[in-house]
Protein chains: 2
Amino acid sequence: MGTPTADRVTQSLEALATRGERVTAARRAVIEVLDGTTDHLTADEIAVRAAQSAPGVHRTTVYRALTTLGELGIVSHTHVAGSATIYHLTTPGQDHPTADHAHVQCTSCNRIIDIDESALVPLERTLRKDIGFRVDVHHAAFLGTCADCLAATSD
Amino acid sequence: MGTPTADRVTQSLEALATRGERVTAARRAVIEVLDGTTDHLTADEIAVRAAQSAPGVHRTTVYRALTTLGELGIVSHTHVAGSATIYHLTTPGQDHPTADHAHVQCTSCNRIIDIDESALVPLERTLRKDIGFRVDVHHAAFLGTCADCLAATSD
DNA sequence: TTATGTGCAAACTGTTTGCGCGAAG
DNA sequence: CTTCGCGCAAACAGTTTGCACATAA
């Protein structure tokens, strides 16, 4: 916490430029927002925060920026059942936009918890072997009940 | 395939009555639709089919019926990333509304494939042990790429 | 300059809600 | 008869799209 991460932003912007995409205030703002948080942000939340550094950015623009950044592998997203998609910056420098963690969501308190990708290796392996299906393990949140809510329920 | 399943419907209706819920034409129609298909149906598709046996049933009513039936454990649903929730009848007679299979969805062709729940046991075990999280494995579809689309891509 | 993003409004999908009427029990 | 479910319209959230204007390159 205190480690400067400005170059992550710079790298992302350079990646944009390299691919012939324009570096705009809106895109910069979106990247800065994503860089500056550990939370899982929805497009709407990103729009609100981005509007602080780049007044006037619209939700629409944020969606379009996220789409573009997603296509370039700079950003990746996770579908969350029953609510908005969450977005995060992929660590630049890796070839694949593969995040290093997956998400589980508590259907009781709606909290989203990061889990280590390694927990999913057996699932990946089984599905690939059984039906040739390649699971994209960070692309949707797994649902269930978190420890806290389990405890609360059993009371 | 040819096995009469009328009693599955009857059982569901009886379950309704037993719990003090009213047995209405709309609810009957929804149950019949779910009983009469092997497909994964969305609320909208259920509404369309239900309207054939019970003219005038509205989407709204179908949603409410599905909610009620879900609370009673007669129906369960699976969230599908980026599109509508799919519903299916849980086999009556079991205590838990736990379905016997989970779903994976191909992000390329959007096909939904049933997978055996056993593939998910290691994941369940790991998460329970590591963070005390109980995964509800049939409550959200896992995303990825199916064998066909993988083959098509690598061509 | 000129293609590409942006802002805005509006459409669209999936789902929920408020309300008075109608039917199940 | 009385409560509960229904139909309808309308609201709602999340996301996408069409179009004219602004701007990065």
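Here the structure is a predicted model, which is why all the values come from computation and not from measurement.
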| message | Once ring pair (Phe, Tyr, Trp, His ring centres under 6.0 Å) is applied, what residue pairs with a partner in residues 105-125 of chain B remain, sequence neighbours excluded? | response | none
| request: Determine whether the side chains of His88(B) and His77(B) contain a donor N or O and an acceptor N or O closer than 3.5 Å. | output: no
| request: Name all pairs fulfilling the ring pair (Phe, Tyr, Trp, His ring centres under 6.0 Å) condition that reach into residues 18-49 of chain A, sequence neighbours left out, sorted by first residue then second. | output: His40(A)-His103(A)
| field | Residues clustered with Val48(B), ILVMFWY side-chain links under 4.5 angstrom | value | none
| field | Residues forming a salt bridge (Lys or Arg N to Asp or Glu O under 4.0 Å) with Asp114(B), sequence neighbours excluded | value | none
| task | Would you indicate what Gly82(A) reaches in the nucleic acid, counting non-hydrogen atoms under 4.0 angstrom: base, sugar-phosphate, or nothing? | result | nothing
| query | Considering residues at least two apart in sequence or located in another chain, which fulfil the ring pair (Phe, Tyr, Trp, His ring centres under 6.0 Å) criterion with Phe142(B)? | reply | Phe142(A)
| query | Looking at five pairs on each end of the helix from dT1(C)-dA25(D) to dG25(C)-dC1(D), what is the angle between the two axes, given to 10 degrees? | reply | 30°
| query | For DNA chain D, which nucleotides open and close the run of contacts to chain B, 5' to 3', at under 4.0 angstrom from a non-hydrogen atom? | reply | dT3(D) to dA9(D)
| What residues form a salt bridge (Lys or Arg N to Asp or Glu O under 4.0 Å) with Arg49(B), not counting sequence neighbours? | Asp39(B)
Between the protein and nucleotides 18-22 of chain C, which nitrogen or oxygen pairs are less than 3.5 angstrom apart?
residue : atom : partner  : partner atom : Å
dG18(C) : O6   : Arg64(B) : NH1          : 3.2
dG18(C) : O6   : Arg64(B) : NH2          : 3.4

| query | Got a sec, which hydrophobics cluster with Ile86(A), joining ILVMFWY side chains under 4.5 Å apart, including via others? | reply | Val80(A), Ile112(A)
| query | Heavy-atom contacts under 4.0 Å between residues 37-45 of chain B and DNA chain C, which residues? | reply | none
| task | Scan residues 16-31 of chain A for pairs that pass side chain to side chain donor-acceptor pair (under 3.5 Å), counting only residues two or more places apart or in two chains. | result | Glu21(A)-Arg27(A)
